[in-house]
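Order of listing sets the numbers, starting from 1, for every ligand and every atom in it. Since we're looking at a predicted model, the values are computed, not measured.
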Amino acid sequence: MKPIPFNKPFIIGRELSLIADAVSRGHLSGDGHYTRLCNRWFEEKLHCRKALLTHSCTAALEMSAILCDLQPGDEVILPSYTFVSTANAFALRGAVPVFVDIRPDTLNIDEKLIEAAITPKTRAIVPVHYAGVPCEMDTIMDIAKRHKLLVVEDAAQALLSTYKGKALGTIGHFGCLSFHETKNIISGEGGALLINDEHFFERAEVIREKGTNRSQFFRGEVDKYTWVDIGSSYLPSELVSAFLYAQLEHADEITAQRCRICSAYAEQLAPLEQAGKLRLPRFDADSNGHMYYMLLDSLATRTALIAHLKAQGINPVFHYVPLHSSPAGRKYGRVSGSMQVTDELNERLLRLPLHYEMDDADVARISAAIRDFF
Ligand SMILES: *Cc1c(COP(=O)(O)O)cnc(C)c1O
């Protein structure tokens, strides 16, 4: 039987012809025609104040950490159940990641536990919208306001998801998006920083351009460009931006297709949930179909189910060694309170194949194999 990969990068429209066009325009480095088109697309579509394309979400998180002006020993509150970059970007500044447990329903940071983690050294909260499902942003923004903290949304998985009608990534001070080939909209590697507070606009441009005021120079706002601050090279090449723009032209269609696949899984697997064999994710209209996972009853069941599916050419995956128990997480971070939900659920979670080119027959085959296992 034809193998079903977990993920498959795809071409949907004008990717290759826009890359050819970028080449013929004779500008291949950053901030040319296609980078500007992408930035504007995010600003208009997501209603955000300013978007800057980066070469990855990791780069956008690192820029946020610099913009937060963290000093060694400052603390940043985040979930432990997340990708490495959420913590690493802040550890690079000498800050201490403080891990808080997640909610059992969404696997997002448990907003009720955040205040207990705040100390005089806390500077920022980094909510991660796991699987594209929104964190409780009203509560988080309220806590941040009362304690004068900055909020960096790790919206790597959350492009086109919303919270109370607002695009994820546009609610905190900063939002970080990813276009890695495992995300919904892709450019191989890629990311964007959304800046929602104009106080940070100018410094963000400088940090992204190697610490220079080059962007202002090209706009004619200064008469020479020079080194003015710390920074790095966070821009993508025009080749990457051209590919990304071609995907953005089909963003709604890609999102709708992924949501359709999630609904098909939900329908096919509902009998197993009703029989108490597993738990399926919450799946509301405000999320973008980024991920479909199941929560099984134990690590042993997960291990056996993976073997059963792999034997039939189906490739599910699990992820995230919780950062608080990783070697670098122990060295650079600390926990606040119990990590019980994180410790328990990470061993029972299994992600099912989900990519743009899957069809109903694939979902039916995967679901039948899972039903067969039980
Ligand atoms: C994918 C991901 C990242 C990193 O994105 P890159 O674009 O690969 O740097 C960060 N955080 C989360 C939650 C992610 O899922």
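The pair R348-D297 does not count as a salt bridge, with every side-chain nitrogen at least 4.0 angstrom from each carboxylate oxygen.
Q216 and E205 share no side-chain donor-acceptor pair at under 3.5 Å. N346 and H319 share no side-chain donor-acceptor pair at under 3.5 Å.
At a 4.0 Å heavy-atom cut-off, the residues surrounding ligand 1 are S56, C57, T58, T82, F83, T86, V128, D154, A156, Q157, S178, H180, K183, G190, Y320, listed by chain and number.
Residues satisfying the salt bridge (Lys or Arg N to Asp or Glu O under 4.0 Å) test with K112, not counting sequence neighbours, are D110.
In the hydrophobic clustering, V128 connects to no other residue, as no ILVMFWY side-chain heavy atoms lie under 4.5 Å from its own.
Among residues at least two apart or in separate chains, side chain to side chain donor-acceptor pair (under 3.5 Å) pairs with a member in residues 263-277 are Q268-R371.
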